[in-house]
Amino acid sequence: MYTKAEIINILKDDSQNEALFLKADKIRYENVGDEIHLRGLIEFSNICSSSCKYCGLRTANKNVQRYKMSPDEIIQCAKNAADIGYKTIVLQSGEDKFFTREILCKIISEIKKLDVALTLSIGERSKDDYRAFKDAGADRYLIRIETTDENLYTKMHPNMDFKNRLNCLYNLKELGYETGTGCLVGLPGQTIESLANDILFFKNLEADMVGIGPFIPHPNTPLKDTPKGDFTLALKVMSLVRILLKDINIPATTAMETIWPNGRILALQAGANVIMPNVTKFEYKKKYEIYPGKISKDACYDGNLNNQLLLEKKDIEEKIKSIGRIISNTKGFRKNH
């Protein structure tokens with residue numbers, strides 16, 4: 001267990017980066033093995049009632065072509081993913097109030113008939129909602145804290161409540177979800193000390209999943225002229241999370257590869273063990289732009305969704321095998337919990 005001072009020193013000192021990445025990779029191997037879990041991501045609505053300053057989906061952005069998939073479309077999309085071998089489905093959206101507890105529970109129960117694990121990433125909800133989703137079959141919930149610096153959080157999230165965000169995470173843990181969180185690296189005003197606090201927060205929460213991504217400025221947000229986050233620093237934060245939380249699931253995030261060639265592969269070699277390919281229909285996927293420039297093989301899209309999904313899955317699998325890793329055929333729950 002590193003102290004806060006040790007974490008700060010590691011984040012500041014780039015002379016030992018390779019040793020850090022190798023240590024994280026070794027701990028990953030010893031605790032979760034060589035299996036990579038592929039999780040099919042469905043971005044089912046880009047409607048959002050929040051105005052987070054870094055996010056392209058913010059409600060104040062009038063340049064977004066908004067959409068929401070119908071429940072039947074969501075379920076069919078999940079079926080397509082399950083049919084080609086995905087063992088986990090991730091449902092993600094903006095804070096869209098159209099999707100009530102009742103609607104979501106019906107979607108959850110239908111998807112669970114496919115014999116998959118189900119992760120929700122749909123924002124802040126009441127504890128009763130979370131309980132109902134769990135009862136309907138949801139296994140995991142991802143709600144990123146983005147930063148544990150309350151002042152910075154307040155600046156980045158107008159009209160949102162930092163303490164409510166924390167309560168959501170504690171409620172999810174209490175209800176028995178595999179609970180995921182994470183942070184952005186490179187937000188304006190963020191310090192190395194606050195990143196160290198983020199890492200220690202993930203440890204104290206005993207998070208089951210942690211996603212780390214570099215900040216990427218979106219042209220239709222107040223942070224459009226802010227420098228993007230540093231890839232190496234984001235990779236170091238991720239590696240430290242692996243070292244402190246040895247057996248958790250850590251995604252190699254798409255944002256890593258958006259700002260750095262083969263960023264996801266480098267993340268897999270520095271502690272990560274999950275990739276979340278996007279299985280959303282093309283006409284929706286291109287409208288879900290939290291940040292610009294997301295990597296995609298949509299240029300090859302020929303109108304056949306299943307062919308496209310298979311093409312993307314095969315491409316990712318070949319990259320994973322090229323570094324000696326194995327594609328998991330399990331649902332990928334946290335091993336030791």
Side-chain angles (χ1 to χ4, degrees), residues 1-2 10 16-41 81-82 84-90 115-119 139-140 142 178-182 199 202-203 206-213 231-232 234-258 260-279 295 297 309-337:
M1 177 72 175
Y2 290 125
I10 291 167
Q16 300 296 316
N17 287 358
E18 288 308 313
L20 176 70
F21 300 150
L22 285 170
K23 181 175 182 178
D25 194 47
K26 181 173 184 285
I27 287 172
R28 182 273 311 159
Y29 173 73
E30 291 170 348
N31 289 273
V32 299
D34 275 337
E35 288 189 334
I36 303 295
H37 303 286
L38 299 182
R39 298 180 172 171
L41 174 66
I84 63 170
Y86 286 101
K87 303 296 184 183
T88 293
I89 304 299
V90 181
D115 189 28
V116 292
L118 182 60
T119 302
D139 301 290
R140 307 176 182 127
L142 173 61
E178 280 205 349
T179 303
T181 188
I199 294 165
F202 304 146
K203 174 65 176 174
E206 261 301 315
D208 301 294
M209 308 174 284
V210 176
I212 307 296
F231 172 78
T232 301
L235 204 60
K236 289 171 72 171
V237 172
M238 191 202 74
S239 292
L240 284 163
V241 170
R242 169 61 71 199
I243 292 166
L244 267 65
L245 288 140
K246 301 180 188 307
D247 63 353
I248 69 168
N249 286 309
I250 300 177
T253 59
T254 306
M256 291 280 202
E257 192 139 330
T258 299
W260 198 267
N262 285 321
R264 287 191 296 188
I265 295 300
L266 292 171
L268 291 176
Q269 295 173 311
N273 69 318
V274 172
I275 288 183
M276 297 198 293
N278 196 322
V279 298
I295 53 162
K297 285 204 167 291
L309 295 181
L310 280 167
L311 178 70
E312 293 189 1
K313 188 165 182 279
K314 184 180 178 185
D315 179 66
I316 289 167
E317 288 176 348
E318 286 176 354
K319 287 183 177 180
I320 288 168
K321 290 173 183 174
S322 76
I323 58 168
R325 306 288 278 280
I326 304 161
I327 311 301
S328 174
N329 62 2
T330 74
K331 294 174 184 174
F333 288 99
R334 187 176 180 185
K335 285 200 169 188
N336 300 325
H337 287 253

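Position 1 is the first residue of the sequence, and the numbers go up from there. All values derive from a computational prediction rather than experimental measurement.
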Side-chain contact, heavy-atom cut-off 4.5 Å: K236 with T232? yes

L266 CG to W260 CH2 distance, which is reported to the nearest 0.5 Å: 8.5 Å

For a quick test of reading the model, state the closest non-hydrogen atom pair linking L235 to F21 and the distance between them. CD2-CZ, 3.7 Å

Inter-residue atom distance Y86.OH - M276.CE, 0.5 Å rounding: 12.0 Å

Go through T88 and H37 one step at a time and tell me if the side chain to side chain contact (heavy atoms under 4.5 Å, CB included) criterion holds. CA-CA 8 Å; T88 293; H37 303 286; over 6 Å; no

Stepwise side-chain hydrogen bond (donor to acceptor under 3.5 Å, both in side chains) test for N273 and N249: CA-CA 6 Å; N273 69 318; N249 286 309; 2.9 Å; yes

Please give me the minimum heavy-atom distance between L20 and I243, naming the atom from each residue. CD1-CD1, 3.6 Å

Working to the nearest 0.5 angstrom, can you tell me the gap between R325 CZ and I275 CD1? 9.0 Å

Hey, does the side chain of S239 reach the backbone of A270 with a donor-acceptor pair shorter than 3.5 angstrom? yes

Can L38 and E317 be said to form a side chain to side chain contact (heavy atoms under 4.5 Å, CB included), step by step? CA-CA 9 Å; L38 299 182; E317 288 176 348; 4.0 Å; yes

With a 4.5 Å limit on heavy-atom distance, are the side chains of V237 and I199 in contact? yes

Is the charged tip of R140 near the ring of F333: under 6.0 Å from the six-membered ring centre and within 45° of its axis? yes

Rounded to the nearest 0.5 Å, what separation is found between the CD1 atom of I89 and the OG1 atom of T119? 9.5 Å

Between the main-chain N or O of A117 and the side-chain N or O of K331, is there a donor-acceptor pair closer than 3.5 Å? no

So, are R334 and E178 salt-bridged, with charged N and O less than 4.0 Å apart? no

Taking the side chain as every heavy atom from C-beta outward, state whether M238 and T253 have any atom pair closer than 4.5 Å. no

Taking all heavy atoms of N262 and all of K319, pick out the closest pair and write down the distance. OD1-NZ, 4.2 Å

With a 4.5 Å cut-off on side-chain heavy atoms, are I327 and K321 touching? yes

Quick check: does any side chain N or O of R242 sit under 3.5 Å from a backbone N or O of I248, one acting as donor and the other as acceptor? yes

Side chain to side chain contact (heavy atoms under 4.5 Å, CB included) for D34 and R28? Distances and angles first, verdict last. CA-CA 8 Å; D34 275 337; R28 182 273 311 159; 2.7 Å; yes

For a side-chain hydrogen bond (donor to acceptor under 3.5 Å, both in side chains) check, start with the C-alpha distance between K87 and N329, then their side-chain angles and the critical distance, and finish with the verdict. CA-CA 7 Å; K87 303 296 184 183; N329 62 2; over 6 Å; no

dist I36:CD1 -> I323:CD1 (nearest 0.5 Å) comes out at 6.0 Å

Roughly how far, to the nearest 0.5 Å, is the CD1 atom of I212 from the OG1 atom of T181? 8.5 Å

Heavy-atom pair of closest approach, residues I326 and I320: N-CG2, 4.3 Å

Answer yes or no: is there a side-chain heavy-atom contact under 4.5 Å between F202 and L244? no

Closest non-hydrogen atom pair, A207 against L245: O-CD2, 3.9 Å

For residues L268 and I265, determine if any side-chain heavy atom of one lies less than 4.5 Å from a side-chain heavy atom of the other. yes

Is any side-chain heavy atom of I10 closer than 4.5 Å to a side-chain heavy atom of L240? yes

Closest non-hydrogen atom pair, E312 against N278: OE1-O, 3.5 Å

